[in-house]
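Down below is the structure, laid out as structure tokens.
Chain letters run A, B, ... following the sequence lines, proteins first, then strands; residues in each count from 1.
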Protein chains: 2
Amino acid sequence: MTTALSSIRDMGLRAKKAARVLRSLPTKRKAAALRAIAAQLRARQGEILAANALDVQAAEANGLPAHMVDRLRLTATSLETIAADVEAVSHLPDPVGERTEVRTLPNGLSAQQVRVPLGVLGVIYESRPNVTVDTATLALMSGNAVILRGGKETVHSNAALEDALHAALKAQELPADAVQVIRDPARERMLELLKLDDCVDAIIPRGGAGLHRYCVENATVPVIVGGIGVVHLYLDSSFVQDAGDIEKAAQIVLNAKTQKPSACNALDTLLVGRAALPKLPEVVRPLLRAGVTLKADPESLAQLAQAGLDAQPASDADYGTEFLALTASLKVVEGLEEALDFIAEHGGHTDVILTRDDAQAARFVQDVDSAAVMVNTSPRFNDGGQLGLGAEVAISTQKLHARGPMGLRELTTSKWVVQGDGQVRT
Amino acid sequence: MTTALSSIRDMGLRAKKAARVLRSLPTKRKAAALRAIAAQLRARQGEILAANALDVQAAEANGLPAHMVDRLRLTATSLETIAADVEAVSHLPDPVGERTEVRTLPNGLSAQQVRVPLGVLGVIYESRPNVTVDTATLALMSGNAVILRGGKETVHSNAALEDALHAALKAQELPADAVQVIRDPARERMLELLKLDDCVDAIIPRGGAGLHRYCVENATVPVIVGGIGVVHLYLDSSFVQDAGDIEKAAQIVLNAKTQKPSACNALDTLLVGRAALPKLPEVVRPLLRAGVTLKADPESLAQLAQAGLDAQPASDADYGTEFLALTASLKVVEGLEEALDFIAEHGGHTDVILTRDDAQAARFVQDVDSAAVMVNTSPRFNDGGQLGLGAEVAISTQKLHARGPMGLRELTTSKWVVQGDGQVRT
């Protein structure tokens, strides 16, 4: 905390300079830097936990809700997990240098499209110190410099983590400016970062819809919007024809809603084909037992009441809403086509169909335009780790550049490399 | 022109509806639509040229510069070229449906990343009626709906072209709303389009730096900035060692600057390694003969004067400037490293090295972070057609989503398709 506050513009210029060094680093040196970071996190455990304790103390004194204090708190165990995750990223395949097009043109020119780092990233996130390290290491491993702006409750933790990151970079003879934390929590500094388009190549916000909207409305740097959008599951009557499938449907719905209710890929709205309605009580009973509140339309509400199950009447606002909690909405539709129309109006994140009819599955996969479309499985699999992409920096729900989990590859762009011997255009 | 003006929001909602139809069309039907468009352009030649004549007449009366009137004017020949170009696009490979990742996960889930159309594009461009047709057909062939906002001088031409496009779409039983022209030229309508982020997936501006800046500063829809940036060529002394290479260098520099001076990939700044300076007069003599004005630093100015060649003294503002005309700036650098530092400060579009030293070429290709980096050839090859990508909608000079020429593939995004049999996340 002894570092003088830098102007955001200075930080951007220094990041740009560091990015020029990073973009030419061989994979080996990036991996070595990550191992050095893991070592520093372990060596500085005492200082990091002490700094974090100050943040936790202040957060509790200020009445921060318990679940937010939990996300803020580091322990010896969680810090070790963070260090181990850094080492895991150091083993991921390096996308930089990959050739995505290789052509020889009729005039003899060789033209290749090659993956290169984006350059300088700006990442804005909540009060979660683990994200500071995760994001910094994903950026470094993909050859990018990064400017980090975490929640104001993490000011001491992030300063201690930045010190550890800088010590590791310096020990590896790499520019410390490759990772910079904005230590001034004022919103004006964030706004300056959003408008630094001659230095920063992409802004990645992580957090609620309000933060994303603020970035989209104020940034001149391109923004990758992530994690915002509703998750639907359409249950077709073909999937409730026998006890085994009914049990599978119940387990998928339970997993979709309760495995991590605060996640952006958790279920929001269950659409039930009318012919499947008689089996609805069996499908949602485990959900209700797990403490989920269902907001149901009149038809499904009546069906549940008949089976002695409790639900609340849904209002219009319960559809197209991300709950991020143990609540889901429920609606009866005539069949697949009505479900598709409904999803076309409200969808965008992850949408699932449960069906035994291959033609229906194909129609759903073709028509639904979401970051991920799934058949007969849980939307919780829309995740970089689960899809085998390694760690992710965010889940993009916009269409430009990246859609779905953003791993190392999504932190790169491309350039054309054209080589000739005197060719000119005629 | 009898169509009532629609609100931009209505246009967006109708485009979104049309996009849902387009995204599932097989290649055959998209190609047939393009052939129908070509046929309509030919069948309506009289009406289109008559509408265009009104625009040309008004533009001349309003004193529009001659080169802009030229770009506005259609003739029977240019209209036939446009129709033939539409047919050429109908033969390009369809990127939609291409699988870019195919994985089977350890739990048995099948996960594929599939190319899908972006959805709804908003394209803002100059008073060039050919762009109306080119853009509409590239959008349709890649399964996208498009809202077009051309320059105000093309209002009659664009209305006639929109009528032709709609007639073709209707004849093919496709939604006419797939292509919509904003007929109200007021800037407020453009601003509404830039903020229509719940309907439009990407804004592609084509035009000067001012338009791009306006879009970046005002849009909440993601913007793909294109064609803005400086083009450098570094001439190393290893490329002026014999008469053959000097002649090649002269021809490349001539082609780079004069083959189409108004193009964004035309040369702006020639950097000369100090050891190559004695050969500079031979390299630039054809340029000067072609009427190019050189803005030179004192050292190169003296060298040219000694050879009896005229140039003007450069000011600071002549570096980092896109000339888009028969002007280029000239500067002596010590060697490759100084050239790289200079390009790092000013580059971003297309940068070229002329060298016979492979290590230098490799260093240049690695270090320069531009949309295209070239060795021993003309920057004019940074073009979709020249690189074998087919027609292009723009040349992107930003890093997110697309960089360099944007063909059909760059008008797509991806979605994950995950198929299972009851798997849940643990």
Side-chain angles (χ1 to χ4, degrees), chain A residues 20 23-24 103 105 109 111 113 116 118-119 197 201-202 216-217 220 222-224 245 248 251-252 254-256 259 344 361 365-367 369-378 380-383 386-388 398-401 403-404 413-426, chain B residues 20 23-24 103 105 109 111 113 116 118-119 197 201-202 216-217 220 222-224 245 248 251-252 254-256 259 344 361 365-367 369-378 380-383 386-388 398-401 403-404 413-426:
Chain A
R20 194 174 158 200
R23 70 176 177 244
S24 294
R103 295 164 178 261
L105 303 175
L109 282 181
Q113 201 173 20
V116 297
L118 279 170
D197 54 74
D201 296 292
V216 163
E217 286 181 353
T220 56
V223 177
I224 301 180
D245 272 0
K248 274 185 185 169
Q251 289 306 316
I252 289 172
L254 180 68
N255 188 261
Q259 203 242 349
V365 162
Q366 177 67 51
D367 185 69
D369 186 33
S370 302
V373 187
M374 304 197 169
V375 180
N376 299 347
T377 189
S378 168
R380 294 275 300 129
F381 286 112
N382 186 7
D383 171 281
Q386 295 294 319
L387 291 175
Q398 72 172 33
K399 296 187 184 175
L400 284 196
H401 186 70
R403 203 173 186 206
T413 179
S414 62
K415 68 180 175 192
W416 281 95
V417 175
V418 181
Q419 302 190 267
D421 185 18
Q423 286 90 338
V424 295
R425 183 165 167 186
T426 47
Chain B
R20 193 173 158 203
R23 69 177 178 245
S24 295
R103 297 164 177 260
L105 303 175
L109 283 180
Q113 201 173 20
V116 297
L118 279 170
D197 53 75
D201 296 293
V216 163
E217 286 181 353
T220 57
V223 177
I224 301 180
D245 273 358
K248 275 185 184 168
Q251 289 307 316
I252 289 172
L254 180 69
N255 187 260
Q259 202 243 349
V365 162
Q366 177 66 52
D367 185 69
D369 186 33
S370 302
V373 187
M374 305 196 169
V375 180
N376 298 349
T377 188
S378 169
R380 294 276 300 129
F381 286 113
N382 185 8
D383 172 280
Q386 295 294 319
L387 291 174
Q398 71 173 33
K399 294 186 185 176
L400 283 195
H401 186 70
R403 202 174 188 206
T413 178
S414 62
K415 67 181 176 194
W416 282 96
V417 176
V418 180
Q419 301 190 264
D421 185 17
Q423 287 90 338
V424 296
R425 183 165 167 187
T426 47

I want to check something: taking the side chain as every heavy atom from C-beta on, are R403(B) and V116(A) in contact at a cut-off of under 4.5 Å?
yes
When you look at D367(B) and R23(A), which way does the side chain to side chain contact (heavy atoms under 4.5 Å, CB included) test go after all the steps?
CA-CA 8 Å; D367(B) 185 69; R23(A) 70 176 177 244; 4.1 Å; yes
What's the shortest heavy-atom distance between G119(B) and K399(A), and which atoms?
CA-NZ, 4.1 Å
Look at D369(A) together with K415(B) and state whether they make a salt bridge at an N to O cut-off of under 4.0 Å.
no
Can you say whether N255(B) sits under 4.5 Å from chain A via the side chain, the backbone, both, or neither, judging by heavy atoms?
side chain
For each of S378(A), G404(A), S414(A), tally heavy-atom pairs with chain B at distances under 4.5 Å, and name the one with the top tally.
S414(A)
Please tell me if the side chains of R425(A) and D383(B) come closer than 4.5 Å, counting only heavy atoms from C-beta onward.
yes
With a 4.5 Å cut-off on side-chain heavy atoms, are V424(A) and L254(B) touching?
no
Mind checking whether I224(A) and L400(B) have side chains closer than 4.5 Å, heavy atoms only?
yes
Per-residue tally against chain B (heavy atom, under 4.5 Å) across D245(A), T426(A), N382(A), V417(A) peaks at V417(A)
Which residues pass the side chain to side chain contact (heavy atoms under 4.5 Å, CB included) test with V375(A), sequence neighbours left out?
I353(A), A361(A), V365(A), Q419(B)
Nearest 0.5 Å, what's the NE2-OG1 distance between H401(A) and T413(B)?
10.5 Å
Okay, L387(A) and chain B: the region with an atom under 4.5 Å from a heavy atom over there is both
Which one, Q366(A), E217(A), Q251(A), Q113(A), leads in non-hydrogen pairs under 4.5 Å with chain B?
Q366(A)
Please tell me if the side chains of D421(A) and K248(B) come closer than 4.5 Å, counting only heavy atoms from C-beta onward.
yes
Answer with side chain, backbone, both or neither: which region of A111(B) has an atom nearer than 4.5 Å to a non-hydrogen atom of chain A?
side chain
Please classify the contact between R380(A) and chain B as side chain, backbone, both or neither, with a heavy-atom cut-off of under 4.5 Å.
both
So which residue, A371(B), A202(B), A344(B), ends up with the most heavy-atom pairs under 4.5 Å with chain A?
A371(B)
Minimum heavy-atom distance V216(A)-T220(B), with the two atoms named:
CG1-O, 3.3 Å
Taken to the nearest 0.5 Å, the spacing of Q386(A) CD from L105(B) CG works out to 8.5 Å
